[in-house]
Every structure is written in C-alpha cells, then in structure tokens.
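Model, not experiment: these values are computed from the prediction. Below, chain A is the first sequence line, B the second, and so on; all start at residue 1.
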Amino acid sequence: MIAHSIFFYFFSVIAIFSSLMVITSRSTINSVFFLILDFISVGCLFIMVGAEFLGMILLIVYVGAVAVLFLFVVMMLNVAEQKQSWFIGKKSTHIPTGLIVSVLILLELLVVVGGWKYKENVMTSSTLTISNISNTHQLGLVLYTDYILYFQLAGIILLLAMIGAILLTFRERAGVKKQSYINQISRNPSTAIELLEVKSNQGVKIDD
Amino acid sequence: MIEYIQILGQEVYKIIFLLIPILVSVAMIVWLDRRVWGLVQKRRGPNVVGPFGLFQTLADALKYIFKEVIIPASANKVVFILAPIVTMTLALVAWAVIPMSESLVLADINVGILYLFAVSSLGVYGIIMGGWASNSKYPFLGAIRSAAQMVSYEVSIGIIIINVLLCVGSLNLNDIVVAQKDLWYVIPLFPMFVIFFISALAETNRPPFDLPEAEAELVAGYQTEYSGMMYAMFWLGEYANILLMCAMASILFLGGWLPIIDIYPLNIIPAPIWMISKILFLFLLFALIKAIVPRYRYDQLMRLGWKIFLPFSLIYLVLTASFLFYFDKLPKVNI
C-alpha cells in the first residue's frame with residue numbers, strides 16, 4: 001500500500017501543480033504544455049484506480065488529438081497580444097464571464113459531491129459492480145445495451161458539431177484552380193502537348 | 001520496504017535488458033535500410049566500417065556524440081532540448097508491452113493495444129516541439145505538416161485496430177496473438193493490412209510520405225536547427241518508431257510470435273525468432289518502398305488519408321462486424 005500511496009501523491013501533486021501553472025503561466029505555449037502534463041497525470045491516476053480503459057482513452061483523445069489542435073492554434077495565432085489587450089483595455093468582458101462559469105461549476109460540484117457524501121444511494125448504480133472481468137468488458141456490456149440510446153445520441157451530436165464546423169469554415173472562392181487526379185494521372189504525350197501556329201503580334205489564348 | 005527495493009531492482013534489470021537489444025537493433029536496422037537502399041540503386045551502400053559495414057551506425061553515433069550541440073540564440077531553449085528527448089523516450093517506452101513470446105514481455109497489461117496506440121499518437125509532440133522551439137520558418141512548416149499528417153493517419157489506424165479487436169474480443173496483445181493460432185488475420189483482413197502498412201509509413205514520416213522533412217522544399221523540416229547528439233536522438237527515435245510499427249503490424253496481422261504452421265520442424269524454432277523475423281520482413285518492405293516510390297504531394301497525402309483510407313476502413317469495419325454477427329463467430333465473453 002505504501003508504494004500505491006507514494007505514486008498517488010506523486011501524480012496528484014503533479015496534476016494540481018500543472019493545472020495551477022496552466023492558468024498562471026505567462027506564455028500561452030507553456031500553458032498548453034502544462035495542460036498536456038495535467039492530462040497525462042490525470043490519466044495515470046485513472047489507471048491507478050483500475051480504470052485503465054478510461055486512462056488510455058484520455059491519453060489518446062485528449063493528449064493525442066485535442067491538445068495537438070490546441071497547440072496548433074496557440075502557435076498560429078498570436079495569443080500573447082490578445083491576452084495583453086484583455087488586461088489593458090478597461091472594460092474586459094472575459095473576466096466576469098469566466099467568473100460566472102467557474103462559480104456555476106463550483107456549485108454543481110458542491111451539489112454532486114455533497115449528495116454523494118451524505119445520501120448514500122443517490123449515486124449507486126446497479127451496473128458498475130466490481131468483478132473480475134476487466135473494465136473494458138464492463139463498459140462494453142453496459143454501453144451498447146442499457147445506454148445504447150445515449151451513446152447514439154452523443155454520436156449524432158458530435159457528428160452535427162463536425163458538420164457545423166465544416167460548414168462555417170467552408171467557402172467557395174473565385175479563381176481557385178481545382179486539380180483533378182484522374183486527368184493528371186491519365187495524361188500522355190499525345191494529349192498533353194499541343195502544337196499551335198503562333199502568328200506574329202497576336203499570341204495564343206490558353207483556355208485554362 | 002526492502003521488498004519494494006528488490007522489486008524495483010528486478011524491474012530495472014529487466015528494462016535494461018529490453019532497452020539494450022532495442023538500441024543495438026535500431027543501429028543495425030539503420031545499416032540494413034541504407035544497404036537495401038544502395039542495392040536497389042545499384043550502389044554498394046555502407047560497407048567500410050567493420051564486416052559488411054555493420055559498424056557504420058556506431059561510427060556515425062560516435063561522430064555525433066563528439067560534435068558540438070548548437071542551440072539557436074532565438075530558440076526556446078527548454079522546449080528545444082526537450083523535443084528530441086520526448087521523441088526518443090516515447091519511441092522506447094512503447095516497447096514495454098510488445099510480447100516476444102507468451103511469457104517474454106515486460107508488462108502484460110489488459111489494454112496493451114490501446115497503450116501502443118496512445119504512445120504512438122504522443123510521438124507527434126516531439127516533432128511539434130522541435131519545430132516550434134527552433135523559431136525558424138522551415139522547421140515550423142515541417143512541424144505543422146507532420147502534425148496534420150500524423151493526426152490524419154491515426155484515425156484510420158484506430159479503425160483498423162477496431163477491425164482486429166472485433167475478431168479477437170480482447171485488448172491484450174498476447175490474446176490478439178493467440179487468437180490467430182488457426183488463421184493469421186492477414187488473410188481475412190488483407191485490405192486492412194495493406195492500409196495499416198501504408199498508414200504506418202505516413203505515421204512514421206517515412207518515404208513516400210516524408211513531407212515533414214522533404215529536403216527539396218523544407219531543407220530538413222523540423223530537424224533543420226538540430227545538430228550533434230540531439231539530431232542523432234531524433235534519428236534513433238524515428239527508427240525505433242519504425243520498428244515499433246513493424247512489431248505492431250506483425251502482432252495485429254502476422255500472428256506475432258506464432259510459427260507459420262504448427263507442425264514439427266517449424267514449431268521447435270523459439271517464439272522470439274519468429275517475432276523478430278516477421279519484424280525484419282516488414283522492415284525490408286519499408287526499406288524497399290523508401291527506395292522505389294517517389295514522394296507524394298501534400299494534398300494527395302491528405303486526400304489519401306481522409307477520402308480513401310477512412311471511408312474504406314469504415315466500410316470494412318461494418319462488413320467484418322456483420323460477417324462475425326451473421327455467422328455467429330463473435331468472440332465469446334468469458335465472465
């Protein structure tokens with residue numbers, strides 16, 4: 001048990017420290033790196049309580065894909081300048097909005113954790129019982145049977161979000177040449193080369 | 001307390017005996033790669049240092065160690081130094097779960113294949129960090145290309161892994177190998193094997209998908225500013241990753257440490273030799289492709305990943321699932 005608690009405190013101290021660094025660090029790139037460290041240490045904590053599937057999925061989805069996109073955005077945009085303008089401008093709307101959201105989250109956490117602590121049967125679930133099958137199997141057994149509707153709904157919502165994002169960024173621009181792969185591959189010398197009689201002082205018109 | 005120290009000592013001993021063979025085989029594999037490349041182009045390749053030039057990579061590594069490490073003045077120094085370390089560490093850490101035989105594995109965990117997938121998807125960080133921290137145009141462009149490429153091809157690799165998992169019914173790597181006792185998955189899932197192989201090429205930035213370091217356009221991509229040992233670490237990490245992808249392909253499709261057929265003269269050959277020969281076979285394919293195929297254009301690369309591989313592997317996933325369901329071949333859950 002000693003080793004278990006040593007590892008638990010090790011990972012949780014790193015998780016808390018890095019989440020503090022995410023919000024206090026001056027450089028935005030460093031914030032994102034600390035966010036990644038936070039994800040990884042939370043994933044390790046998941047693995048320590050025996051939820052190895054959740055831990056690995058956290059690593060794959062959040063660290064492997066979402067944080068890469070975060071890093072992208074932060075590297076491409078000059079976020080440091082925007083951050084400066086938030087604090088220098090007199091009427092900042094970001095701090096009140098952030099406060100409202102964080103107070104709401106704190107209240108929700110209080111309700112959930114309080115209910116869990118003082119009313120035993122609020123959070124009990126008949127499906128998640130400890131047994132000797134691995135938790136990937138356990139998840140599979142309930143996810144596609146009891147909760148199939150919620151699972152499908154979540155999938156449809158994500159699909160809609162994706163279509164919406166593509167629609168928002170998609171625009172037709174004039175004057176853009178599209179390349180057709182079939183045409184490019186099926187070219188041969190007889191169709192690619194055209195001999196023209198060029199008259200003096202008139203030139204040739206090329207249609208594409 | 002003494003017990004813990006003993007366990008720790010045993011594990012460290014095991015880890016060292018896993019890492020040293022991997023590092024040596026990475027060095028050998030670089031030699032093999034250059035040799036194959038030379039033979040295809042009717043050259044001799046490295047053949048001077050040691051017998052058949054086998055020590056060429058060691059000589060190169062020695063040269064890199066004694067070279068000066070130059071850190072650009074405008075670089076972000078911490079991230080710049082961290083990037084090759086991240087690449088190298090992630091490439092080596094993944095080997096912990098690769099089974100060389102039924103018992104010869106460092107960590108036989110329940111979610112082995114997810115662990116491999118997670119670690120290989122983290123590999124992109126070394127490249128992004130290196131490209132960004134160099135604070136220079138070519139490395140940054142290389143890093144952006146590489147990140148987009150690796151994220152795109154991971155999607156189809158994930159779906160191919162789900163295809164195999166449907167047939168196995170377990171995420172444990174040893175279970176995946178044992179499930180192929182009668183039939184290697186390369187036969188029923190042959191299209192998936194081909195797509196996995198091509199995606200592995202893209203995932204490890206190998207030619208014909210080596211756009212992040214396309215020397216004609218980007219000098220050397222994300223490693224332009226690196227020199228000395230830090231460059232060598234990128235390089236070794238890359239080859240360790242290639243070997244890892246070969247090992248993954250041989251576990252998922254070629255039956256891992258199983259012999260071809262379970263008959264007398266074949267099944268007395270020890271399991272690790274089967275595993276190593278399968279990895280080497282796949283690596284030879286990697287090397288031949290590097291020598292033969294010209295580089296892709298970037299838009300063609302993206303089109304191949306998203307418009308061809310992703311829909312095709314999704315369709316094949318549905319086909320596999322329906323086949324298993326209708327012929328009642330779904331793996332039985334033993335609770």
Region of [X] in contact with chain A, defined by heavy-atom distances below 4.5 Å:
X: B:Val79; value: side chain
X: B:Ile144; value: both
X: B:Leu114; value: both
X: B:Leu171; value: side chain

Any chance you could measure [X], atom [atom1], to [Y], atom [atom2], to the nearest 0.5 Å?
X: B:Leu122; Y: A:Ile40; atom1: CG; atom2: CD1; result: 6.0 Å
X: B:Arg297; Y: A:Gln184; atom1: CZ; atom2: CD; result: 4.5 Å
X: A:Asn30; Y: B:Asn76; atom1: CG; atom2: CG; result: 6.5 Å

Taking everything shown except [X] itself, do over 12 heavy atoms lie less than 6.0 Å from its [atom1]?
X: A:Phe70; atom1: CZ; answer: no
X: A:Phe39; atom1: CZ; answer: yes
X: B:Lys77; atom1: NZ; answer: yes
X: A:Ile182; atom1: CD1; answer: no
X: B:Tyr138; atom1: OH; answer: no

Counting N and O atoms only, with roles assigned by atom type, does the side chain of B:Tyr125 sit under 3.5 Å from a partner on the main chain of A:Val63, one being a donor and the other an acceptor?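 Here the side-chain-to-backbone pair exists.
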
Against chain A, work out which of B:Met150, B:Arg303, B:Gln300 has the most heavy-atom pairs shorter than 4.5 Å and name it.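 The residue among B:Met150, B:Arg303, B:Gln300 with the greatest pair count is B:Arg303.
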
Side chain, backbone, both or neither of A:Ile47 within contact of chain B (heavy atoms, under 4.5 Å):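 It is neither, since no heavy atom gets under 4.5 Å.
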
With only heavy atoms counted, which part of A:Ile29 is less than 4.5 Å from chain B, the side chain, the backbone, both or neither?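 Answer is side chain: those atoms of A:Ile29 sit under 4.5 Å from chain B.
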
Please name the pair of heavy atoms, one in A:Gly64 and one in B:Ser121, separated by the smallest distance, quoted to 0.1 Å.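 It is CA-OG, 3.8 Å.
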
For a quick test of reading the model, state the closest non-hydrogen atom pair linking A:Phe72 to B:Ala147 and the distance between them.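 In this case the closest contact between A:Phe72 and B:Ala147 is CZ-CB, 3.7 Å.
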
Heavy atoms only, distances under 4.5 angstrom: which of A:Ala65, A:Ala67, A:Gly140 has the most pairs with chain B? Name it, please.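 Option with the top pair count is A:Ala67.
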
Between A:Met56 and B:Phe117, is a side-chain contact (heavy atoms from CB on, under 4.5 Å) present by the stated rule, with each step listed? CA-CA 9 Å; A:Met56 287 299 161; B:Phe117 190 55; over 6 Å; no

Non-hydrogen contacts under 4.5 angstrom with chain A: give the residues of residues 151-167 of chain B involved, or none if there are none.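 Counting heavy atoms that sit under 4.5 Å from chain A, the residues of residues 151-167 of chain B involved are B:Val151, B:Glu154.
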
With the side chain counted from C-beta on, respond yes when B:Tyr115 and A:Leu59 share a heavy-atom pair under 4.5 Å apart, and no when they do not.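 Side chain of B:Tyr115 against side chain of A:Leu59, heavy atoms only: no contact under 4.5 Å found.
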
Do B:Trp132 and A:Leu71 have side chains that approach each other closer than 4.5 Å (heavy atoms only, starting at C-beta)?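 No; the side chains remain at least 4.5 Å from each other.
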
